[in-house]
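As structure tokens, the structure follows; a few thoughts come after it.
Being a predicted model, the structure only gives us computed values, none of them experimental. Letters go in sequence order (proteins before strands), and every chain restarts at 1.
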4 protein chains.
Amino acid sequence: MAPVTQQALSPRKRPRQARATATVDAIYEATIQVLLSDGPHRLTTTRVAERAGVSVGTMYQYFPQKQALIHALNERYLESLAERIETTSRQQHGASAGLMVQALIETYWHAKTERPEVTRALYRSVADLDNSALIERFAQRVDSATITMLESASDSRFQNVAMVNRTLVTVIFGTVRNAFERQLANHEADGVMQQLVLMCRAYLKAVSETR
Amino acid sequence: MAPVTQQALSPRKRPRQARATATVDAIYEATIQVLLSDGPHRLTTTRVAERAGVSVGTMYQYFPQKQALIHALNERYLESLAERIETTSRQQHGASAGLMVQALIETYWHAKTERPEVTRALYRSVADLDNSALIERFAQRVDSATITMLESASDSRFQNVAMVNRTLVTVIFGTVRNAFERQLANHEADGVMQQLVLMCRAYLKAVSETR
Amino acid sequence: MAPVTQQALSPRKRPRQARATATVDAIYEATIQVLLSDGPHRLTTTRVAERAGVSVGTMYQYFPQKQALIHALNERYLESLAERIETTSRQQHGASAGLMVQALIETYWHAKTERPEVTRALYRSVADLDNSALIERFAQRVDSATITMLESASDSRFQNVAMVNRTLVTVIFGTVRNAFERQLANHEADGVMQQLVLMCRAYLKAVSETR
Amino acid sequence: MAPVTQQALSPRKRPRQARATATVDAIYEATIQVLLSDGPHRLTTTRVAERAGVSVGTMYQYFPQKQALIHALNERYLESLAERIETTSRQQHGASAGLMVQALIETYWHAKTERPEVTRALYRSVADLDNSALIERFAQRVDSATITMLESASDSRFQNVAMVNRTLVTVIFGTVRNAFERQLANHEADGVMQQLVLMCRAYLKAVSETR
DNA sequence: GATGAATGAGATTTCATTCAT
DNA sequence: TATGAATGAAATCTCATTCAT
């Protein structure tokens, strides 16, 4: 396998013709399908190409390495996740802090559980990929959105909003992932999510000054 | 690759002699080394054997499949982690609930961060392994220990101790993993851990009846 | 294709068992066969392995890259060529300068023409290989042998033996190669070789002082 | 790859318009560039087209096969080389034989060294090409020109002018190539060229009858 | 004519696993 | 029992060539 350079992770060329765009989309979709049906270690370039209904050669026109595929997939996923969180943050602007964390938790949990196999596939796809840059970018977008939200809370004010935010985000994202991966029964998972809301609220009350 | 059967995942034979034990240990150590230095996709049987100073043939005496290696590695790790948590749980028996969660968080965080590369290597080794059975067993040991601990709290009593425990464990383990993986700066990570203690205590206060 | 590092050009491991030695020899022989029968651009790793009667995997145990094969082949060839020239140089020690160049020309010409297809195959195999290091080493061995020889000439003495030697070697080797590659008819090539002897002798007479 | 037929080696169509000529020139130039910067095994049709600023499709209008490109390149090169030699031969018509060989050596050496990378690139481009026909044609043009020249020598007359000429040409061209490929230091190469002149003159004197 | 997307055979290379010694 | 040579299926990736737009 060729060494993975940063540059090699971005698509080799942008599709210029309509045909090409369709091809790229088919490849994305096929990647997810293969990840789901065959698992990450059966995610091979030939399999993806076959499932996408294109030749390997075509795939390599757009993704110069296998890694580029997975990278692009994660990029897309984190992109859409960030957008959902930003949307929630905007919607909760000016609400009470309690409602904010509740909305955040729900958004994230839904994002992870609405297509659970996709989530699982993505978690597992990552093993070989250095996606710390992606994560970093994602974290910054999220932090910026949630801090803005928290600062607008109608009922609370925080001395060290950065730390409170970092704590909340770390706890919520970590807990959701863990609940997801522990494969809790549905009612158990729902219970944990409710308790998580409770917990975050108790925390917010403890660290906020009333406005 | 031969299909992975459950039976095939356990070492082919238990080491009976001192020499054999040393060999197996060398193999474990070598696996971690290779994982760290070469990454999971360069974790090959030849490389591990070479690093361990044995021949591939010998390695296959102890681990009938490559998967068995990784499986055994994770088993060992979770085993020792469970033991540490059980120890902590015993030590905190009868303490206040607040001290309990603090001890739990510290134990888990230390376990993850004292050899961070090993932790990272193990996280990454898992991609292709179905380790849900391992996780399940680990979770049960932990739950049983922490529930016993929580029930002995000197200052609190919980209506639904199972749920409270599940919540705490999910939150703590999830948060720790997330803090670890986000690669927070040291002081940030420490801050989050302190806040996590705070948060868990606030939660416990909210859901407990004074004894 | 992986980038060609210098290290990668030497055999990956030395054969330790008799079986392994036989394998390596078979591979060398097969490489020449394929080069001859299929031409350099049909020299593929699979073809060589097949012809050698081993699996590709085995071949890669000994030659980590396709280039390593060709490199080894050239190394072997230049090695034996250098030996022949050294032998000739020793044999002509103390002879007349005229006999020396005659012997040198004959040796080189025979070496090139006794298995002409092999010679041609090797010339063509080189296109992608940076064999300047090999050539350099070869040139030094040859220079050292021929200078020693020339200095011992019974009938001549040279002011600047290094230059005379460099000239002779460059002219002889170049002319032989060119005669070979121009595909002259046999009698034409023989004629040129005889004239070359004549020419070198005339040159030697012109630049030497009688002893 | 389609089998290479002789007919397929000539450009598919002659450029009739100025635009077409420019395109073909750009392709030639690009071929050399790619050969120089990427080496012969990275000489791909796509790369050449890209460097030439045309599409692959367009390139295939002019060169129906990749081989045709290299063939045409060599043809062009040998063509211009032959012309230079013819020019020199005409200029030296009637001069002394000594001046003739001197001029011939200088012409050839300059032709090879004025753009050394191009020379090297061309040498390496040839591996897979059967260019014996080209060489043959080139040799005949050269022979015819140099024989005519030699026959006009003011100071010498040769019994077997064909053989003398063949010898001179083979020696000079072979030596120049070898000096070039051995990568001699500049002063060494210049020295060899001067000695070569000396040598050829000594030879001519030995084989000629004074006129 | 020109373009460049698509093709797919085929090349290189890896690596889990076996088995003769 | 230990060794490590051998295996070969399978993976990644390339590139000459075609052809729809």
Separation of atom CD in D:E50 from atom P in E:dG4, rounded to whole Å: 10 Å
Close side-chain approach of B:I70 to B:L43, heavy-atom, < 4.5 Å: yes
Which atom pairs link the protein and nucleotides 9-11 of chain E when you take only N or O atoms and keep those under 3.5 Å?
residue : atom : partner : partner atom : Å
E:dA11  : OP1  : C:R47   : NH2          : 3.2

Residue mapping more 5' on DNA chain E - nearest nucleotide basis, D:V54 or A:G53: D:V54
Pair D:Y28 and D:Y77, ring centroids less than 6.0 Å apart: no
Non-hydrogen side-chain atoms of D:Q61 and D:T23 separated by less than 4.5 Å: no
Distance test, side-chain N/O of A:T23 to OP1/OP2 of E:dA6, below 4.0 Å: yes
Flag side-chain contact, heavy atom, 4.5 Å: C:H71 against C:Q65: no
Residue list, side chain to side chain contact (heavy atoms under 4.5 Å, CB included) with C:D38, at least two apart or on another chain: C:V34, C:R42, C:R47, C:R51
Distance in angstrom units between C:D25 CG and F:dA6 P, rounded: 12 Å
4.5 Å side-chain heavy-atom contact, D:T45 and D:Y60: yes
Whole-Å gap separating C1' (F:dT1) and OH (B:Y60): 18 Å
Distance, rounded to the nearest Å, where D:I70 contributes CD1 and F:dC15 contributes P: 13 Å
Side-chain heavy-atom pair D:V24, D:F63 within 4.5 angstrom cut-off: yes
Interatomic distance where OH belongs to C:Y62 and C1' belongs to E:dT14 [whole Å]: 17 Å
Residue pair C:S125 / C:N74, side-chain heavy-atom distance below 4.5 Å: yes
Quiz item: D:Q61 side-chain donor-acceptor pair to E:dA2 base, under 3.5 Å: no
Dot-bracket line, read 5' to 3' along DNA chain F, where crossing pairs take [ ] and | marks a partner on another strand, Watson-Crick or G-U under 3.5 Å: .||||||||||||||||||||
Rounded distance in Å - CD (C:Q67) to P (E:dT12): 10 Å
hbond_proxy B:Q65 side chain to E:dA16 base (donor-acceptor, 3.5 Å cutoff): no
Whole-Å distance separating the CG atom of D:L69 from the P atom of F:dT17: 11 Å
From CG (C:L134) to CZ (C:R76), nearest 0.5 Å: 14.0 Å
Side-chain N or O of C:S55 closer than 4.0 Å to phosphate OP1/OP2 of F:dG8: no
Minimum-distance nucleotide (side-chain atoms of C:T58 versus F:dT18, F:dT3, F:dA6): F:dA6
d(CZ, B:F63; P, E:dC15) in whole Å: 20 Å
